[in-house]
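Because the structure is predicted, anything quoted here is derived from the model rather than measured. So that the names make sense, note that chain A is the first sequence line, chain B the second, and so on, each numbered from 1.
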2 protein chains.
Amino acid sequence: MDLRQLRYFVAVARERNFTRAAEILHIAQPPLSRQIQLLEEELGVALILRKSRPIKLTDAGRLFYEQALQVLGRVDQLKDATRRVGMNRNRLLSIGFVASTLYGGLPVLVRRLRQSVPELDIQLLELVSIQQIPALKEGRIDIGFGRLKHSDPNVTSTVLREERLVAALPEGTPLADTDAPLPIEAIAGQKLIVYPKEPRPSYADQVLALLQEADIHPSEVLEVREIQTALGLVAAASGICIIPSSARQMRSDVRYRVIDSPRAVSPVILNHRAGDSSHYVEMVKNLIQEMYAENPAWLEANNVRPPR
Amino acid sequence: MDLRQLRYFVAVARERNFTRAAEILHIAQPPLSRQIQLLEEELGVALILRKSRPIKLTDAGRLFYEQALQVLGRVDQLKDATRRVGMNRNRLLSIGFVASTLYGGLPVLVRRLRQSVPELDIQLLELVSIQQIPALKEGRIDIGFGRLKHSDPNVTSTVLREERLVAALPEGTPLADTDAPLPIEAIAGQKLIVYPKEPRPSYADQVLALLQEADIHPSEVLEVREIQTALGLVAAASGICIIPSSARQMRSDVRYRVIDSPRAVSPVILNHRAGDSSHYVEMVKNLIQEMYAENPAWLEANNVRPPR
DNA sequence: CCAGACTATACCCTGAAGGTATCGTGGTAA
DNA sequence: TTACCACGATACCTTCAGGGTATAGTCTGG
């Protein structure tokens, strides 16, 4: 498959007419027909119903059309962004992050970074903690915000804060009766949902280790790919889930109770290459200090109110 | 630009070696070098630093690499999804929605629809209300959830509910002192942020019309592209913003006060083609009725608690 | 049922992508 | 410092995919 074929198909779908589409594309009509046929052949699926005038898209065609538009848009963005970084000789700072930091201070940090260094291009990549280490070493990212400790000598880590863990509970169940801290023992015998399923080790293992340590055994453990799914299942009363405090914003149709154990915390860790001399790393650290200074609640171990 | 070139570049970036990359791609090394050169030429940007071994990516190259990976992934998904819909002869239900319904019942509806008709493929397209009308007529979507009334005879509308509007206020400002309903007059003289900027008419006009009607004039009106930006500006104390109640979940670092006026509501409207005989439309309507029956709070005009 | 609009088929041609041979060069080890 | 080598660039040839032209087949509206 080829971007050309996507462009051709989009033109045909838009015009609902091969001849006009061919004119717009500045090619003759027969090659256009042929490219569409080739595309359909490769996919093994009919995209266009030709035995009606004007032609119609099949269901597959409708889906293909919308997705193709998005892909083409993405490619244009890709070109523009690359040119911008390349031409303006802008520096690029590539930041890896675990999803939960999106609900913490990351957006604010990025906004401030953009403000204070407008000529800096910032690339954000969602990577689970363990993927950040090789990504740093390979230069795919310059900074990583993760949740797992590691021991790679080439990567320097700083624990930014320890965040309280909370249990997400289905509304209407006995455990969700109160907002009071939840004794960790209460999790024993419950159906537990953990995420992300892979790659391991991940935050899921951190949660499981916490329970292991306290010798607490859920009745069942269900692994899902991401936190959205996990909370969705909680909302559907399929089990309970343990998330960092800041991720509480994600859904309001489940109940949250802070877990009543000093061990029930998850760190937020800043990673960067050990030898990295770029002053942007330093700047990021300073901005974070600034943010914490403005909002000391983020640093409180007992951050019961979700940080922004 | 061409998908082939993306694949080639990704291989080179991964291997950090043209020769090995060429082997993996099952082509000779010289053509690979040439394709990368062509790519760099088209972009007008150097992607690879060749005067070091092993080769390194430039900043532009790093960005291009990550984006290219995502584009290629997207293309694969596109193929798979199209095949699935085409081969399985699955029906496709294409649903257009305005962003705010994402924070309302839409996710639940989609989940239930998937449950009750597993063989149905569902495509979700974010479209502002006014885009939904042509999208319905052209067959791009089968169902639209919008917020604006229209008068096109080919599209049938049903008002599902009237949702209360709330004001988003920066924390720490006088208006944010209390959670009590906000008299609409209090908005006079405030700096108001509205969204989306385009295409018009949009929800922004609905808000502006409401104020116009009450003869209330903000000191300034700032138009932004989307609600995220609007709420971000509110959080940064750049003004206040009026949003549907259900969108309150989006940020917890701003204060919300229900607007104390019976006119301060925004409908949620279900649109579909007037002649559509597909029983999926009927099924969606039934599911919605069911959901409202289970959760009458959604229907209360005074929905002070955000519906899920 | 016919006219007209429109898509598919047949066949040719051109240029871009790929191959082979070879040169130039940065990195490295003695 | 030099000499070797791994590796990318260049030059030039070949092939075939994509595009063009002519024309046949088909759907729709009057």
Roughly how many Å is it from [atom1] in [X] to [atom2] in [N], rounded to a whole number?
| X | N | atom1 | atom2 | value |
| --- | --- | --- | --- | --- |
| B:L3 | C:dA17 | CG | P | 13 Å |
| A:I36 | C:dA8 | CD1 | C1' | 13 Å |
| A:I48 | C:dC6 | CD1 | P | 15 Å |
| B:I27 | D:dA9 | CD1 | P | 13 Å |
| A:E41 | D:dA17 | CD | P | 12 Å |
| B:E42 | C:dA16 | CD | P | 13 Å |
| A:Q5 | D:dA17 | CD | C1' | 11 Å |
| B:Q37 | C:dG18 | CD | C1' | 14 Å |

Inset, instruction - Please round to 10 degrees the angle between the axis of the first five pairs and the axis of the last five pairs in the helix from C:dC1-D:dG30 to C:dA30-D:dT1. - result: 40°

Student check: side-chain heavy atoms of [X] and [Y] closer than 4.5 Å:
| X | Y | value |
| --- | --- | --- |
| B:V12 | B:I48 | yes |
| B:K79 | A:E42 | yes |
| A:I143 | A:Y280 | no |
| A:L148 | A:Q206 | yes |
| B:L160 | B:I269 | no |
| A:I130 | A:S202 | no |

Inset, instruction - Please name the pair of heavy atoms, one in A:V75 and one in B:M1, separated by the smallest distance, quoted to 0.1 Å. - result: CG1-CE, 3.7 Å

Inset, instruction - Could you check B:L38 against B:P30 and say which one's nearest nucleotide on DNA chain C is further toward the 5' end? - result: B:L38

Inset, instruction - Determine which pairs satisfy side chain to side chain donor-acceptor pair (under 3.5 Å) with at least one residue from residues 122-136 of chain A, sequence neighbours left out, and list them in order. - result: A:S94-A:Q123

Polar atom pairs between nucleotides 26-30 of chain D and protein, under 3.5 Å, N or O only, would you list them?
residue	atom	partner	partner atom	Å
D:dT26	O2	A:R53	NH2	3.4
D:dC27	O2	A:R53	NH1	3.4

Legend entry - Donor-acceptor contact below 3.5 Å, side chain B:N271 vs main chain B:S157: no

Inset, instruction - With DNA chain D as reference, determine whether A:P31 or B:S33 sits nearer its 5' end, using the nearest nucleotide of each. - result: B:S33

Inset, instruction - Tell me what B:R4 touches on the nucleic acid: a base, only sugar-phosphate, or nothing, going by heavy atoms under 4.0 Å. - result: sugar-phosphate

Inset, instruction - Identify whether any heavy atom of A:Q29 sits under 4.0 Å from a base atom; if not, whether one sits that close to sugar-phosphate; answer base, sugar-phosphate or nothing. - result: base

Inset, instruction - Kindly state which residues belonging to residues 7-21 of chain B come within less than 4.0 angstrom of DNA chain D, counting heavy atoms of the residue only, listed by number. - result: B:N17, B:F18, B:T19

Inset, instruction - List for me each residue that meets ring-ring contact (aromatic ring centres under 6.0 Å, His included) alongside A:F9, sequence neighbours excluded, and say none if there are none. - result: A:F64

Inset, instruction - Check ring-ring contact (aromatic ring centres under 6.0 Å, His included) between B:Y203 and all other residues, then give those that pass, not counting sequence neighbours. - result: B:Y195

Inset, instruction - Ignoring backbone atoms, establish whether A:Q35 has a side-chain N or O less than 4.0 Å from OP1 or OP2 of D:dA17. - result: no

Inset, instruction - Classify the side-chain pair A:Q37/A:S33 by whether it contains a donor and acceptor separated by less than 3.5 Å. - result: no

